[in-house]
Number of protein chains: 2
Amino acid sequence: MTAVDRADHRPASPPLTERQEARRRRILNASAQLAARGGFDAVQMREVAEAAGVALGTLYRYFPSKIHLLVATMQDQLQHMHTTLRKRPPAGADPAQRVAETLMRAFRALQREPQLADAMVRALTFADRSVSPEVDTVSRLTTAIILDAMGAEHPTPGQLSAVRVIEHTWHSALITWLSGRASIAQVKIDIETVCRLIDLTAPEASEARA
Amino acid sequence: MTAVDRADHRPASPPLTERQEARRRRILNASAQLAARGGFDAVQMREVAEAAGVALGTLYRYFPSKIHLLVATMQDQLQHMHTTLRKRPPAGADPAQRVAETLMRAFRALQREPQLADAMVRALTFADRSVSPEVDTVSRLTTAIILDAMGAEHPTPGQLSAVRVIEHTWHSALITWLSGRASIAQVKIDIETVCRLIDLTAPEASEARA
DNA sequence: CTCAAGTCTGTAACTTGTTCTAGATTAGCG
DNA sequence: CGCTAATCTAGAACAAGTTACAGACTTGAG
């Protein structure tokens, strides 16, 4: 997980001064707050700038587009969630159960701020190539969370593929729920369904399972 | 499949005249052509209107937003694909194999027009509640294609969940590839991985499998 | 402390999705 | 044919993301 740890904060290109760090934080907070209130559309760059007390140009210097801003916001929120989850690891005996439990816990957290979730997830899937590095960071964070729940220290390629599929399902199911096309019950079932892949790809699946 | 058949063309609220049908078609073609050239950003409403030879206001009367337009474009393209696929059904013995083959065939079709694929898929996942009915139609079409490949006439709830998970994976993997964050090989592996769920949820999985 | 380089501010301008309006055209009906 | 309602056109206007720029402020080197 060293790669993730290093991405825990900025790639440290130019080390930000204290005031810059503070500005960045104010911007991210403003973004999350506006998003929580009115979703993607409510995060208007002029308003974010004003709420954060910076000029519009400065906002763009920190985050080169609205999408970058929202993806960074998601990074931020995911980090919180990761730390929270680590404090209370899932209890299930089965890796599949633990992952499903973890994801449903995350899901319930997002349910509390559906508008914020909407803004972040929409930004994530709408992101084009210019945001790839940032989206990748989010993806690595999510992977780390899932692998943590699985308890897989040295995942096999098969497991990694399963984790990717789980991530795909997770994002897409979230979107489907957020746009009102699926119920929470359906999301739960689908998460449980996809988590079955974990047993299927466990390294000892063919031997120790019997 | 009656529901899908009925959606084969417009929900027939007011039956369009011939000239209106022609306008609609010109608009969809213009949209697909612009998208194929430059992706999501190249589909600019003024340009679509001009290329289709209609006024901007008319374009908006037919498709109330750019997202609606692109989702309708996707509907259109999917319909083509469905008919094409029906002519040459996948050959595998296993339902899982057939679905994977079908999806990879669709994938290769999209590869030929990556920009068009980008525009359509981005629109699809970016769509908000106001586009739900249209997105749902696309989803039903996709489901029909997958069920066709499975050969499942009367899918169980478990199978339906598996199909949903496959769809999630399909969209999300497509996005990941389109934004350059995953290779084609990876997409292939992930599609094959998720298709394993089909065996897992087959009605006779617990009995006839032995 | 002083100065140059880099940042930040405030503001205007530009782009593209969307809405609105007034007048021309078309479609269907008697 | 002649009329009326619906539709279409051209073009202006508005909204929000993005860019540009001139001048003020900070920062770090000497």
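Chain letters run A, B, ... following the sequence lines, proteins first and then strands; every chain starts at 1. All values derive from a computational prediction rather than experimental measurement.
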Nucleotide by nucleotide, nucleotides 14-30 of chain C touches protein heavy atoms under 4.0 Å in the pattern (B base, S sugar-phosphate only, - none) --BBBB------SS---
Rounded to whole angstroms, how far apart are [atom1] on [X] and [atom2] on [N]?
X       : N      : atom1 : atom2 : answer
A:Leu70 : D:dA16 : CG    : P     : 16 Å
A:Arg61 : C:dG10 : CZ    : P     : 16 Å
A:Glu47 : D:dG17 : CD    : C1'   : 13 Å
B:Glu50 : D:dG11 : CD    : P     : 12 Å
A:Leu59 : D:dT19 : CG    : P     : 12 Å
A:Arg26 : C:dT9  : CZ    : C1'   : 13 Å
B:Glu21 : D:dC8  : CD    : C1'   : 17 Å

Which donor-acceptor pairs under 3.5 Å do the side chains of residues 45-65 of chain B make with protein atoms, sequence neighbours left out?
residue : atom : partner : partner atom : Å
B:Ser65 : OG   : B:Ile67 : N            : 3.3
B:Ser65 : OG   : B:His68 : N            : 3.1
B:Ser65 : OG   : B:His68 : ND1          : 2.8

Show me the donor-acceptor pairs within less than 3.5 Å that the side chains of residues 177-187 of chain A make with the rest of the protein, sequence neighbours left out.
residue  : atom : partner  : partner atom : Å
A:Ser179 : OG   : A:Ile175 : O            : 2.9
A:Ser179 : OG   : A:Arg181 : NH1          : 2.8
A:Ser183 : OG   : A:Gln186 : N            : 3.1

Does A:Arg25 have any salt bridge (charged side-chain N to carboxylate O under 4.0 Å, His left out) partners at least two apart in sequence or in another chain, and if so, which? A:Asp76
Geometric cation-pi criterion, B:Lys66 with B:Phe40: 6.0 Å, 45°: yes
How would you label the contact of B:Phe63 with the nucleic acid (heavy atoms, under 4.0 Å): base, sugar-phosphate, or nothing? nothing
Please table the atom pairs, donor to acceptor, closer than 3.5 Å between any side-chain atom in residues 115-128 of chain B and protein atoms at least two apart or in another chain.
residue  : atom : partner  : partner atom : Å
B:Asp118 : OD1  : B:Arg122 : NH1          : 3.1
B:Asp118 : OD2  : B:Arg122 : NH1          : 3.0
B:Arg122 : NE   : A:Phe126 : O            : 2.9
B:Thr125 : OG1  : B:Val121 : O            : 3.4
B:Thr125 : OG1  : B:Arg122 : O            : 3.4
B:Asp128 : OD1  : B:Ser130 : N            : 3.2
B:Asp128 : OD1  : B:Ser130 : OG           : 2.9

Could you note down all residue pairs passing ring-ring contact (aromatic ring centres under 6.0 Å, His included) where residues 139-174 of chain B supplies at least one of them, sequence neighbours left out? none
